[in-house]
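Just so you know, residue 1 is the first one in the sequence shown, and it goes up from there.
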Amino acid sequence: MHTIQITTQDDLNTAFQIRKAIFVEEQMIPIEYEFDEFDHLESPAKHILVYWEAQPVGTGRIRWTEGFGKLERVCILSSYR
C-alpha cells in the first residue's frame, strides 16, 4: 500500500469517484454535503490517493485550520477494508 499527493485533475477525479461510491452511494450522504469549497487543486487542503498495488482504493485530505491539521473525507473502498 502506498499514497500519493494529488496534483492532477485526473487523480482528483479518481478521488471524487471513490468518495462518491463510499459516502454518497454506500452511506447515503447527500451529494451536496459531500463536496465543498476545498475540492479543487488550488485548495489549501492537500488531497491524497491510497493505492493497493496499482489500484486506487482510498482517499482523504488534510486541511490546516487554527494551527491544527484536520483529516477529512478519509475512506477506503469496502472491498479493501
Side-chain angles (χ1 to χ4, degrees):
M1 188 174 293
H2 72 279
T3 62
I4 64 162
Q5 183 174 330
I6 293 173
T7 59
T8 69
Q9 190 61 49
D10 285 343
D11 284 344
L12 190 59
N13 291 341
T14 298
F16 291 166
Q17 290 171 348
I18 293 169
R19 284 173 45 189
K20 184 178 176 197
I22 294 166
F23 295 124
V24 177
E25 295 167 9
E26 183 182 321
Q27 296 181 3
M28 302 181 70
I29 303 296
I31 197 163
E32 60 270 15
Y33 294 144
E34 176 51 29
F35 297 97
D36 62 20
E37 69 271 18
F38 300 109
D39 288 325
H40 57 87
L41 290 175
E42 295 78 29
S43 167
K46 302 301 179 200
H47 297 262
I48 64 160
L49 273 176
V50 178
Y51 283 85
W52 176 257
E53 298 175 356
Q55 179 70 28
V57 299
T59 189
R61 71 183 187 195
I62 186 168
R63 186 169 57 91
W64 293 95
T65 179
E66 300 178 17
F68 294 95
K70 183 177 180 184
L71 298 175
E72 301 175 325
R73 305 321 201 257
V74 176
C75 56
I76 300 289
L77 293 171
S78 62
S79 57
Y80 292 88
R81 292 183 202 147

Review point. Quick one: CD1 on Ile62 to CD on Glu72, what's the gap to the nearest 0.5 Å?
Key: 9.0 Å
Check your understanding: Looking at Asp36 and Arg63, does any basic side-chain N land under 4.0 Å from a carboxylate oxygen?
Key -> no
Contacts table for residues 42-57: side-chain donor-acceptor under 3.5 angstrom, sequence neighbours left out:
{"residue": "Ser43", "atom": "OG", "partner": "Phe38", "partner atom": "O", "Å": "3.1"}
{"residue": "Ser43", "atom": "OG", "partner": "Ala45", "partner atom": "N", "Å": "3.0"}
{"residue": "His47", "atom": "NE2", "partner": "Phe38", "partner atom": "O", "Å": "3.0"}

Check your understanding: Looking only at heavy atoms, which two atoms of Ile76 and Gly58 are closest? And how far apart?
Key -> CD1-CA, 3.8 Å
Check your understanding: So how far is it from Thr59 OG1 to Asp11 CG, rounded to the nearest 0.5 Å?
Key -> 9.5 Å
Review point. Cluster question for you: counting only ILVMFWY and a side-chain heavy-atom cut-off of under 4.5 Å, with indirect links fine, are Phe16 and Tyr80 together?
Key: yes
Exercise for review: Output all residues satisfying side chain to side chain contact (heavy atoms under 4.5 Å, CB included) with Phe68, sequence neighbours left out; order by chain, then residue number.
Suggested key: none
Check your understanding: Taking Arg73 for the side chain and Glu34 for the main chain, is one N or O donor matched with an acceptor at less than 3.5 Å?
Key -> yes
Practice item. Check whether Met28 and Ile22 end up in the same hydrophobic cluster, where Ile, Leu, Val, Met, Phe, Trp and Tyr are linked by side-chain heavy atoms less than 4.5 Å apart. Key: no
**Study point:** Non-hydrogen side-chain atoms of Gln9 and Leu41 separated by less than 4.5 Å
**Key:** yes
Review point. Listed by chain and number, what are the side chain to side chain contact (heavy atoms under 4.5 Å, CB included) partners of Val74, not counting sequence neighbours?
Key: Leu71
Review point. Can Asp39 and Arg19 be counted as an ion pair, charged N to O under 4.0 angstrom?
Key: yes
